[in-house]
> 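First, the structure itself, so that you have it in front of you.
Small disclaimer: the values here were computed from a predicted structure and weren't measured. Chain letters run A, B, ... following the sequence lines, proteins first, then strands; residues in each count from 1. These values consider heavy atoms only, across backbone and side chains, with no hydrogens, waters or symmetry-generated copies.
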There are 2 protein chains.
Amino acid sequence: MSIESARRVRRSPEAARENILQSAERLLLERGPQGLKLVEVAQGAGVSHATVLHHFGSIDGVQTALAEAMIRQLVARVLEAERPDDPEAQLEGVGQVLFDAFESAGGARLAAWLELTGETRRLTLVREAVAEVISGPMAQKGVDPERATNLILVAVSLAMGVGLIGRSLAELVGRPPETTREAALAFLKTGLAAAIKT
Amino acid sequence: MSIESARRVRRSPEAARENILQSAERLLLERGPQGLKLVEVAQGAGVSHATVLHHFGSIDGVQTALAEAMIRQLVARVLEAERPDDPEAQLEGVGQVLFDAFESAGGARLAAWLELTGETRRLTLVREAVAEVISGPMAQKGVDPERATNLILVAVSLAMGVGLIGRSLAELVGRPPETTREAALAFLKTGLAAAIKT
DNA sequence: AGAGTTACCTACAAAAATGTCAATAGAGTC
DNA sequence: GACTCTATTGACATTTTTGTAGGTAACTCT
């Protein structure tokens, strides 16, 4: 048994916040919104709960910051992967990318959380992302904006649904968890192709 | 100011539980999972919080019961509307129904909540419903079970996504809220038709 | 009407969660 | 090494949330 009190780590404010947010995200994804407690977040980050308050002011501050960070992450991932200049691969991959974004790192769960909490305000980032896709890749293919928007709405919704309940849904009917995703991907692909060619 | 203490209402156990669950559901849908507090549920139901405990044992008991009730509701609604004997209307309406089920009465939000909370166990009802659809309407159309399952997985996921974020997503890009739903419906319909005919 | 059952309540108790404050200790600067 | 700055912390205080106990009252049955 060591006598000396645990040597404290002193981080830069940014690093500290980052560290704490990671813990919060982990908790959110593992235990759901209800599991986002001050002390647990602190524990997971290896700091005292007072430290969390010092950096975020309140538990709401943590939630807000977390939401913002996760959204930023999600949008960034989508946009980045949307960029390849090969138009073919683009159409092919847009589904992949979208699904990945919503499935991995809890993108869908984040969105669900935001919806459930009614935090739909701070989604400006998303709007911008959508606008970018419409005026970018889609426009290049000559899809008119109206239809492009519709396609995006559907695709994102689908990705959302798949990301959220895809796996457990598949397991529920006795299939391997990736089944939903694959089926949705195929469905989306043919649908997209058809819609664009018209 | 009335002197007499408010005359208490005495319900049957079932009615009491029902009443409380309704309040809980309202709260869940309005304020999200975090808003599901014992006292608020009680207030909304017009009873003391002790009464809630009397009927459900604990706050977890309330959650469990609520989840169960909402699932039952959701599944029932889907199945019931799946039944019309006109096969044409069936294909036409399956999307409608599905979307309604998930959009109204917070079906999607329920599912999201369950997912976020990790309460995926008590979904046996869902499995049964899916099985029923596969062996019923789908089989009548001669769709092989494998493919039927896939279609259902996709359709449900899509309904889920639309029900959850459809409206706010549409508004986010400056369209009327029903846009997502309509677009998804069209998309699903053509997709389904194509898949079935093959 | 009287008795039994139990849904319901008020008051209290306990626990959990959030937030405050003054003191401590890393890390850089002079 | 002394000094400054502030991230960090333990101890305390407050508020919120959940749970308990015992009595009251509504309803049913006889």
> Does E68(A) come within less than 4.0 Å of R72(A), counting only side-chain N to carboxylate O?
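Counted as a salt bridge, because a side-chain N and a carboxylate O are separated by less than 4.0 Å.
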> OP1 or OP2 of dC8(C) versus the side-chain N and O atoms of H55(B): is any pair under 4.0 Å?
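Result: yes.
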> Using a 4.0 Å heavy-atom cut-off across all strands, classify H49(A) as base, sugar-phosphate, or nothing.
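Result for H49(A) = base.
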> Show the nearest heavy-atom pair for residues V52(A) and L38(A), with the distance to one decimal.
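Scanning both residues completely, I find the closest heavy atoms to be CG1-CD1, 3.6 Å.
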> In terms of side-chain geometry, is the basic nitrogen of E171(B) or R175(B) positioned less than 4.0 Å from the acidic oxygen of its partner?
no
> Would you name the heavy atoms of G95(B) and L185(B) that are closest together and state the gap between them?
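Taking every non-hydrogen atom into account, C-CD1, 3.6 Å.
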> Take atom CD of E14(A) and atom P of dT6(D), then tell me their distance rounded to the nearest Å.
13 Å
> Do R181(B) and E103(B) come within less than 4.5 Å of each other through their side chains, counting heavy atoms only?
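They are in side-chain contact.
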> Specify the separation, in whole Å, of atom CG of L27(A) and atom C1' of dA17(C).
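Result: 14 Å.
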> Start at the 5' end of DNA chain C and walk down; is the nucleotide closest to S58(A) or to V47(B) reached first?
V47(B)
> Salt bridge or not for E18(A) and R11(A), using N-O below 4.0 Å?
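Answer for the salt bridge query: no.
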> Classify S12(B) by what it touches in the nucleic acid, base, sugar-phosphate, or nothing, heavy-atom distance under 4.0 Å.
nothing
> Between atom CZ in R17(A) and atom C1' in dT8(D), what is the gap in whole Å?
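In whole Å, dT8(D) C1' and R17(A) CZ are 16 Å from each other.
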> Expressed as a whole number of angstroms, how long is the span from R11(B):CZ to dC9(C):P?
8 Å
> State which of dG26(C), dA7(C), dT9(D) makes the closest approach to the side chain of T51(A).
dT9(D)
> What's the CD1-P distance between I20(B) and dA7(C), to the nearest Å?
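My rounded result for the distance is 11 Å.
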> Where along residues 30-45 of chain A does a heavy atom come under 4.0 Å from DNA chain C, residue by residue in number order?
K37(A), L38(A)
> Please classify the nucleic acid contact of A50(B) as base, sugar-phosphate, or nothing, using heavy-atom distances under 4.0 Å.
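Here A50(B) touches the bases of the nucleic acid.
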> Could a donor-acceptor pair under 3.5 angstrom be found where the side chain of R8(B) meets the base of dT24(D)?
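Side chain to base: pair present.
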> Any idea which of dG10(D), dG19(C), dA7(C) is nearest the R10(B) side chain?
dA7(C)
> Without hydrogens or angle criteria, can the side chains of Q22(B) and R17(B) be said to hold a donor-acceptor pair below 3.5 Å?
no
> Rounded to the Å, how far apart are Q63(B) CD and dT17(D) P?
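Checked: the CD to P distance equals 14 Å.
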> Give a yes/no answer on whether the side chain of H54(B) brings an N or O atom under 4.0 Å of OP1 or OP2 in dG19(D).
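Checking H54(B) against dG19(D): no side-chain N or O falls below 4.0 Å of OP1 or OP2.
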> Taking any heavy-atom pair under 4.0 Å as a contact, classify L53(A): base, sugar-phosphate, or nothing.
base
